[in-house]
Protein chains: 2
Amino acid sequence: MSSTTGTDDPASAQGSGGPLLWRTPDEPTRGPRRGLTLDEIARAAVEVADRDGLAGLSMQRVAAEVGLTKMALYRYVANKDELEAIMIDAAVEEPPGPEALVGTWREQAEEFARLVSDVWTRHPWLPWVTVGERVMGPREVGWVEAAVRVVEPLGLAPDERMDAVSMLFGHLRTTLATASAGTRPWTADPAGGSTMRDLVAAHADRYPALTAVMTDPGRPVGSRWDFGLRCLLDGFAAAARRRAESR
Amino acid sequence: MSSTTGTDDPASAQGSGGPLLWRTPDEPTRGPRRGLTLDEIARAAVEVADRDGLAGLSMQRVAAEVGLTKMALYRYVANKDELEAIMIDAAVEEPPGPEALVGTWREQAEEFARLVSDVWTRHPWLPWVTVGERVMGPREVGWVEAAVRVVEPLGLAPDERMDAVSMLFGHLRTTLATASAGTRPWTADPAGGSTMRDLVAAHADRYPALTAVMTDPGRPVGSRWDFGLRCLLDGFAAAARRRAESR
DNA sequence: TCTTACTGTGTCTAGCGTACACAGTGTCCG
DNA sequence: CGGACACTGTGTACGCTAGACACAGTAAGA
């Protein structure tokens with residue numbers, strides 16, 4: 001049952017994404033050296049995704065990028081999910097440390113949102129892939145840790161703290177995912193670009209409230225981003241006030 | 001250029017998801033009658049997705065469900081995206097009319113969230129598929145219309161109204177998408193179930209803030225749902241106050 | 001009756017993830 | 001020093017996907 005089994009599986013007997021993310025496997029003594037490191041593969045995969053999007057990411061393409069056969073990749077990762085796991089943790093880079101976030105909790109939150117936005121804009125596929133049941137890597141957990149630190153001064157209950165962090169990430173994800181789809185954020189959330197505007201205009205009688213909204217000239221995108229984040233942080237502040245009063 | 005071309009394509013010369021959602025194509029006079037209606041196909045597709053999830057949804061499976069060959073489906077829809085479009089609009093059902101939402105804007109918002117939650121829980125794949133650049137169907141637009149109506153009394157600017165609606169949908173999506181993945185919402189957002197708890201516990205020194213959060217017993221799920229929505233609506237209220245004061 | 005438009009079927013391609021057998025390579029042990 | 005053996009990378013194969021295309025059959029208009 002110990003590691004003397006000498007199996008082929010790079011993620012031997014552990015769930016996908018498990019050990020590779022959190023533990024450097026002990027190097028084998030026998031056999032040819034590996035031509036690549038996991039980091040190189042992760043970086044290549046990130047590059048492919050940056051260039052061709054998530055849909056263009058295939059074992060084939062990544063293998064070609066690093067000069068390997070498709071099947072040779074399976075010597076490094078157990079399956080595509082695990083590849084995605086390591087490339088996510090490679091793409092998110094190092095989370096901000098305590099020294100990078102200063103000032104009031106609100107200033108820290110705004111700065112944190114800006115930092116996440118930076119990374120997720122550099123890798124537009126990130127907001128799409130960081131949903132659902134996954135095993136997070138150490139760096140990604142580090143980002144969550146940083147977010148929890150930011151909301152700590154609010155004095156919320158532990159689970160409320162986590163909920164607030166979830167909401168913050170969710171908001172950023174929604175905003176950036178739709179923004180990266182080439183659409184204006186607000187038309188995109190459950191809509192689809194100018195087509196939505198046209199459709200609403202063509203059925204103005206059915207959608208009076210939307211028609212009123214659509215005929216508005218619209219403000220610069222910057223103020224939209226501010227509005228959403230401000231709403232959210234105001235909500236957190238209200239929750240904190242509520243909790244402080246009830247105590 | 002008129003419709004006398006007599007093409008094979010069901011969505012002739014128009015982008016995917018276009019005409020089928022918003023316009024009933026004129027029935028042909030010649031040739032055999034169709035064995036099915038679009039609605040029947042949409043319902044079958046919804047059933048497949050409900051049963052096997054989005055990953056299990058393929059042209060093959062849907063075709064088999066309605067007793068057709070895979071390729072015969074392409075007589076009804078132009079491609080898989082269009083199939084998804086019509087099945088989304090079939091699954092969301094009729095949006096709530098003005099009579100269904102009464103009381104203060106806050107009560108209406110809470111009721112609206114409950115209604116969306118109902119539908120998205122019945123069809124757990126819906127929160128996942130209603131993102132990104134798409135053409136929305138009439139019913140889906142109806143839900144957005146209803147949401148805009150709800151936030152109208154707040155007196156926000158038109159684009160702020162739309163932003164608020166986007167945030168509301170985004171929040172519900174995040175919450176329900178992660179909830180339907182079988183995970184507790186707060187562990188799932190950027191995490192993955194109990195593994196996250198284990199990982200954090202194993203690296204408590206690296207993640208002190210998270211460790212503090214994780215060791216909390218946790219409240220019932222219901223109060224979590226309340227917390228998030230309350231935060232959001234408090235944020236909207238604050239925005240409305242801000243706007244009222246500045247005017 | 002003949003033409004024509006339409007429905008549904010069968011065949012085919014390109015691509016996907018991945019299971020498996022195998023050739024080559026390098027190290028440790030007898 | 002000579003296997004034995006563990007390891008890396010390759011090639012082949014399978015089942016699946018979306019979709020292009022050619023064809024048979026059917027029904028209505030000219």
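Sorted by first and then second residue, the side chain to side chain donor-acceptor pair (under 3.5 Å) pairs involving residues 39-48 of chain B (not counting sequence neighbours) are B/Thr37-B/Glu40. Listed by first and then second residue, the salt bridge (charged side-chain N to carboxylate O under 4.0 Å, His left out) pairs involving residues 56-66 of chain A are A/Arg51-A/Glu65, A/Asp52-A/Arg61 (not counting sequence neighbours).
Between the CG atom of B/Asn79 and the C1' atom of D/dA20 there is a distance of 13 Å, rounded to whole Å. Between the NZ atom of B/Lys80 and the P atom of D/dC16 there is a distance of 15 Å, rounded to whole Å.
By the side-chain hydrogen bond (donor to acceptor under 3.5 Å, both in side chains) test, B/Asp205 pairs with no residue at all, sequence neighbours left out. In this structure B/Arg206 satisfies the salt bridge (Lys or Arg N to Asp or Glu O under 4.0 Å) test with no other residue, sequence neighbours excluded. Residues passing the salt bridge (Lys or Arg N to Asp or Glu O under 4.0 Å) test with A/Arg139 are A/Glu94, sequence neighbours excluded. Taking A/Phe112 as the reference, A/Trp143, A/Phe169 meet the ring pair (Phe, Tyr, Trp, His ring centres under 6.0 Å) condition, with sequence neighbours excluded. Residues that satisfy the side-chain contact (heavy atoms from CB on, under 4.5 Å) test with B/Thr69, not counting sequence neighbours, are B/Ala72.
In the set D/dG19, D/dC23, D/dG9, the nucleotide with an atom closest to the side chain of A/Tyr76 is D/dG9.
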Return the polar atom pairs (N/O with N/O) between nucleotides 26-29 of chain D and the protein under 3.5 Å, or none.
unit_1 : atom_1 : unit_2  : atom_2 : d
D/dG29 : O4'    : B/Arg30 : NH1    : 3.0

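Residues A/Met71 and A/Pro28 each lie close to DNA chain D; by heavy-atom proximity, the contact nearer the 5' end of the strand is made by A/Pro28.
Against DNA chain D, the stretch residues 56-64 of chain A makes no heavy-atom approach under 4.0 Å.
The base of C/dT18 sits with one of its N or O atoms less than 3.5 Å from a complementary donor or acceptor on the side chain of A/Lys70.
Between the side chains of B/Arg173 and A/Thr174, no donor-acceptor pair is found at a separation under 3.5 Å.
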